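Report on one structure; see the data block that follows.
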Number of protein chains: 2
Amino acid sequence: MMIESEKLVVYAPGGSIPAGECDSAHEHPDMQALRQMLPPEERLDDLAELYKIFGDTTRVKILYALLEAEMCVCDIAALLSMTQSAISHQLRVLKQTKLVKSRRSGKTVFYSLADEHVRTILSMGMEHLEEN
Amino acid sequence: MMIESEKLVVYAPGGSIPAGECDSAHEHPDMQALRQMLPPEERLDDLAELYKIFGDTTRVKILYALLEAEMCVCDIAALLSMTQSAISHQLRVLKQTKLVKSRRSGKTVFYSLADEHVRTILSMGMEHLEEN
DNA sequence: ATAACATATGAAAAAGTGTTCATATGAAAA
DNA sequence: TTTTCATATGAACACTTTTTCATATGTTAT
């Protein structure tokens, strides 16, 4: 039976992270090294948040429409056969995440893509789909 | 007052789509043309589904780990300090969507990226974050 | 001012997603 | 064969997200 002291591991000075591999017999990657190669957790969270925005049909449709032309809210709603309110809510999300921008002209508000990066990201995804 | 017949529109043969723009006074994009430029709805749904997969912290972390090395389930669980079950569930999602593949060696199952496309998609996202 | 209209927004309903827990499966070792 | 271990999976629960509905805001025309 294993005694308690055998479980102890001397950590790096400053108090660091346990090796954290499972105790299976096979070869494990160097966990310590691996942890250092990974981007910081917060960065990965941000990345997931970004993709989450693209991960909704309504938003993807809006973005694709805006690839072609600047449009007002009611035109987008008509195009997608959805309510003005639903579209407006999603446009707010897209604006908050800096994927679209808006300009007001009288009563109407026109939306357009904030930058060309959106096009690239959408294309990447489409390419992946086509190669499958 | 507008009479009923004025509302009628002659649609293309086969029964097609209403112009569907809002009745605001400003210029509208050519809705008919726009609809034809957009990818079919099903394709956009698939695209959103793909991004949805990347839109979760756990899955993004798993993918980033697998960029560096093939790993077994328990190592990933240890690396992310999550339960084996949670990781296994997510690996199933990633496998179903063809983003990772697995090979069995005795009791352990090793997971790795299905193709290099994953790397590209993740990089695109990261680039966008950095430029903001 | 008041009416008309495009858009925005809060709250609740409706739908969907991720983790946990308990347990099943599959493979090797005893 | 029985035990042990790594992984998989179904169901329940907690948590998010999206849409709807009612209504507010902001702008123009009357």
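These figures come from a predicted structure and were not determined experimentally.
Here the P atom of nucleotide dA8(D) and the CZ atom of R103(B) are 14 Å apart, to the nearest Å. Here dA6(C) presents its C1' atom at 14 Å from CD1 of I87(A), a figure rounded to the nearest Å. Distance CD (E49(B)) to C1' (dT17(C)): 12 Å, rounded to an integer number of Å. If you measure from atom CG of L94(B) to atom P of dG18(C), you get 10 Å, rounded to the nearest angstrom. Rounding to whole angstrom units, NZ of residue K95(B) and P of dT7(D) are separated by 13 Å. Computed from coordinates, the I62(B) CD1 to dT7(D) C1' distance equals 14 Å when rounded to whole Å. The distance from atom CZ of F54(A) to atom C1' of dT17(D) is 18 Å, rounded to the nearest whole Å. Summarising the geometry, the separation between NE2 on H26(A) and P on dA27(C) is reported as 17 Å, rounded to the nearest angstrom.
Atom CG of L38(B) and atom CZ of R43(B) lie 13.5 Å apart (nearest 0.5 Å).
In this entry dC21(C) has dG10(D) as its Watson-Crick or G-U wobble partner, both defining distances falling under 3.5 Å. Nucleotide dT16(D) forms a pair with dA15(C), judged by Watson-Crick or G-U wobble geometry with both contacts under 3.5 Å.
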*Please step through side-chain contact (heavy atoms from CB on, under 4.5 Å) for the pair I76(B) and L91(B), ending with a clear verdict.*
CA-CA 10 Å; I76(B) 299 174; L91(B) 282 170; 4.3 Å; yes
*Show your reasoning for whether side-chain contact (heavy atoms from CB on, under 4.5 Å) applies to L44(A) and M126(B).*
CA-CA 9 Å; L44(A) 294 176; M126(B) 274 296 186; 4.1 Å; yes
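Residue contacts shown for Y111(B) are limited to sugar-phosphate atoms, with no base heavy atom under 4.0 Å away. Counting non-hydrogen atoms under 4.0 angstrom, T83(A) reaches the backbone sugars and phosphates but no base. Across all strands, S88(A) comes closer than 4.0 Å to base atoms (heavy-atom distances).
Taking only side-chain nitrogens and oxygens, T58(B) comes nearer than 4.0 Å to OP1 or OP2 of dT19(C).
Cluster annotation: L67(B) and M124(B) are assigned to distinct hydrophobic clusters (Ile/Leu/Val/Met/Phe/Trp/Tyr, side-chain heavy-atom contacts under 4.5 Å, transitive). Follow the hydrophobic side-chain contacts under 4.5 Å out from L79(A) and you never reach F110(A); the two are in separate clusters. Taking hydrophobic clusters as Ile, Leu, Val, Met, Phe, Trp and Tyr residues chained together by side-chain heavy-atom distances below 4.5 Å, L129(B) shares a cluster with V118(A).
Residues A86(A) and R92(B) both approach DNA chain D. Their nearest nucleotides, taken by heavy-atom distance, put R92(B) toward the 5′ side.
The Q90(B) side chain lies nearest to dG18(C) when the options are dT17(D), dA6(C), dG18(C). Relative to the side chain of M82(A), the nucleotides dT7(D), dT9(C), dT19(D) differ in distance, and dT19(D) lies closest. Across dT18(D), dT17(C), dC21(C), the shortest atom-to-atom separation from the side chain of S85(B) is found for dC21(C). Listed nucleotides: dG26(C), dT18(D), dT7(C). Nearest to the side chain of R59(A): dT18(D). Here the nucleotide nearest the side chain of K107(A), chosen from dG26(D), dA27(C), dT19(D), is dG26(D).
Under the stacking definition used here (centres under 5.5 Å, planes under 30°), the residue H89(B) fails to qualify as stacked on the base of dT19(C).
No hydrogens or angles were tested; on distance alone, a donor-acceptor pair under 3.5 Å links the side chain of Q84(B) to the base of dA8(D).
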